[in-house]
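Okay, so here's the structure we're looking at.
Keep in mind the model is a prediction, meaning the values are calculated, not measured. When a residue number appears, it is its place in the shown sequence, counting from 1.
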Amino acid sequence: MATKTQAHAAGPGAARTVLGVIATQQLLMAYDSTAMNVAVSDIVTDLGTTLTGVQSAISLYALVMAALMITGSKLGSRTGHLRMFTLGATVYGTGALITALSPGLPVMLVGWSLLEGIGAALVFPAILSIATMAFTGAQRTRALTLVGAAAGAGAALGPVVGGLITKYLTWRVSFLMETLVTAVAVALVLRHRNLRRTLSRTSREPRQPFDITGVVLSALGFGLLVMGTLLAGRYGLLTAREEVTVLGRTVLDAGGPAPTVVLGLAGLLVLAAFGWWERRLVRAGRDPLVRIAVLRDRRVRVGSLALAVQFLVLAGMFFLVPVFVQTTLGYDALESGLTLLPATVMLVLGSMAGARAVGDGRTTRKSLIVLGFLLVAAGTALVAFAFDPDSSGLRIAPGLAVGGLGLGLCTLLPDLVQSAAAEDTVSDVAGLSRSTSYLGQSLGVALAGTLLAGVLLTTALHSIGASSVLTGDQKEQSRQALERGVQVTAVSDRQVRTALAERGVTGAPADELVRINALAREDGLTAATAGMSVLALAGAALALRLPGRAKPAQRPPRAQP
């Protein structure tokens, strides 16, 4: 593997170019994860498919990426991280092109879900590893912070740019843009042969068999965890809201444990078996998929958990705010994206200021990360209590700005975690931290949606029971409609009134049910956003356990050929 000195020897200009390339690719792939959420309806219409079909494509993309993240990191350490970045970006760009040209859902599943998922699993760990190896000291802090800021900015810009493209052109243009940008990124990397050769150099030790058992166990474990979080929105987080059927057979009863609990526990058991297997390989002197021993370092162990919390809160907020402005204020996709701009701008400014302060030696990464989580907690709390049906999106702007600043400071976390990696464990740390980050992101949307639905359902049922306007039959019908719903979610007052009119409910009863819906929706949104604030405080508590100053990275036991 190349040393940091060798990487610099390839030329500072080449290193800066590669940094720009990987940061741009990070932004682009983060954009992809949120931009398509505002285009789902258009995709359904264009491809002649169903909402469930498109959601399945999104879910499969998440599963493929989560299942292969650690494997992609290991492949990078074996064949060279820049080489793996180039391969992964090529696969990703090919998938984006196939998606843009897809005539129907099956082709989209191949392009978006499979190829883009595989490409992302190869690219994401390589990005962290390249930034770690190509820079040192303050430059590495700025590089890794830039990568973190690019991820946050891409996720925030997705609804804005994606909404613009979908509204005035077509959703296919987004994927064509991804193809073009990715092709340029690959071309720029291939131009700088010296740096490409340096960062692609691998160990000359005898090559051992690839850890196929580890690949299967890690893919199955992370896949089960992500699948569990994806099902939380439909069935609930802890208790199943309805029967779970597989191939026509009921496998979980309503009122029993939710699939999230069952699959989550199964995933944890498989990951425990994965950890046992990897340690066994190390003791036997063989080459494991990932060196679990890196988790002994508190910066890696605690920092990875903090990264999961950071991405959880980020994903949760970027889910809840658009729900509020669309269902309560009647914003379209583009207006919803513009509402998030204060968070995007402050995230970028916060990351730049944090990296400069640490690089100049004025403070430590730990102190800024703790401050960042506290600002996120304060910002989300401000947003939670600014949800008012009589207000505009401007009322939540201060909270979004404060939270965005905090998220910007938290982009120092990847640098803190990666600084714990010895030269031969860069890919191990990158794979583990990326996996936990993505799990946090998946759980963020699931948890936010579950909190929203749970409080909404509770408030609605209580309000229906206490209503003096509804008759006994109307109360019972309303309760059954809520409790039998496949998925409880926030809907606008207009959607409720339209649905009631289709059932012949008008006049005072309709007005009462619309009022109950508005009350339950705001309670659910407030509770879910306040929950994100509490989780941000948990992130601050985790960050307090991080070492104050960096210490030399410890090299874990290495398998002997």
Non-hydrogen atoms of [X] and [Y] that approach each other most closely:
X      : Y      : answer
Leu231 : Thr260 : C-OG1, 4.2 Å
Arg298 : Arg545 : NH1-O, 2.6 Å
Ala89  : Val123 : N-CG2, 3.3 Å
Pro398 : Arg395 : CD-O, 3.5 Å
Ser113 : Ala57  : OG-O, 2.7 Å
Ala96  : Phe175 : O-CB, 3.4 Å

Would you check if the side chain of [X] reaches a backbone N or O of [Y] as a donor-acceptor pair within less than 3.5 Å?
X      : Y      : result
Ser73  : Ala430 : no
Ser351 : Val348 : yes
Arg365 : Val358 : no
Thr436 : Ser433 : yes
Thr364 : Ser367 : yes
Thr166 : Gly163 : no
Arg172 : Ser102 : yes
Thr344 : Leu340 : yes
Thr339 : Glu335 : yes

Going by heavy atoms in the side chains, are [X] and [Y] under 4.5 Å from each other?
X      : Y      : value
Tyr31  : Ser174 : yes
Thr170 : Val173 : yes
Thr182 : Gln25  : yes
Leu289 : Asp428 : no
Ile22  : Phe85  : yes
Leu338 : Leu341 : yes
Val290 : Lys74  : no
Met69  : Pro125 : yes

Out of curiosity, [X] [atom1] to [Y] [atom2], how far, rounded to the nearest 0.5 Å?
X      : Y      : atom1 : atom2 : result
Asp32  : Leu27  : CG    : CG    : 11.5 Å
Met65  : Ser435 : CE    : OG    : 10.5 Å
Ser427 : Met84  : OG    : CE    : 11.0 Å
Leu122 : Arg83  : CG    : CZ    : 13.5 Å
Leu47  : Trp171 : CG    : CH2   : 4.5 Å
Met532 : Leu451 : CE    : CG    : 5.5 Å

Below 3.5 Å, can you tabulate the donor-acceptor pairs from side chains in residues 368-384 to any protein atom, sequence neighbours excluded?
| from | atom 1 | to | atom 2 | distance (Å) |
| --- | --- | --- | --- | --- |
| Thr380 | OG1 | Val376 | O | 2.8 |
| Thr380 | OG1 | Ala377 | O | 3.0 |

Met227 CE: over 12 foreign heavy atoms closer than 6.0 Å: no
Should Thr99 and Leu115 be marked as a side-chain contact (heavy atoms from CB on, under 4.5 Å) after you check the CA-CA gap, both sets of side-chain angles, and the distance that decides it? CA-CA 10 Å; Thr99 304; Leu115 292 180; over 6 Å; no
Please test Leu405 against Leu347 for side-chain contact (heavy atoms from CB on, under 4.5 Å), starting from the C-alpha separation and ending with a verdict. CA-CA 5 Å; Leu405 177 61; Leu347 188 152; over 6 Å; no
Determine which pairs satisfy salt bridge (charged side-chain N to carboxylate O under 4.0 Å, His left out) with at least one residue from residues 302-327, sequence neighbours left out, and list them in order. none
Pair Leu128, Leu144 - check side-chain contact (heavy atoms from CB on, under 4.5 Å), show working. CA-CA 7 Å; Leu128 282 184; Leu144 287 166; 3.7 Å; yes
Any luck finding a side-chain donor-acceptor pair between Tyr92 and Glu178 under 3.5 Å?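 Their side chains do contain a donor-acceptor pair, which is all the 3.5 Å distance test asks for.
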Check each of Gln26, Gln418, Arg142 against Val147 using the side-chain contact (heavy atoms from CB on, under 4.5 Å) test, and report the only one that passes.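 For Val147, the side-chain contact (heavy atoms from CB on, under 4.5 Å) check succeeds only for Gln26.
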When the side chains of residues 303-327 are checked against the rest of the protein, which donor-acceptor pairs come out under 3.5 Å, sequence neighbours left out?
| from | atom 1 | to | atom 2 | distance (Å) |
| --- | --- | --- | --- | --- |
| Ser304 | OG | Val300 | O | 2.7 |
| Gln326 | NE2 | Ser336 | OG | 3.1 |
| Thr327 | OG1 | Val323 | O | 2.6 |

Parallel under 30°, tilted from 30 to 60°, perpendicular over 60°: which one fits the rings of Tyr61 and Trp112? tilted
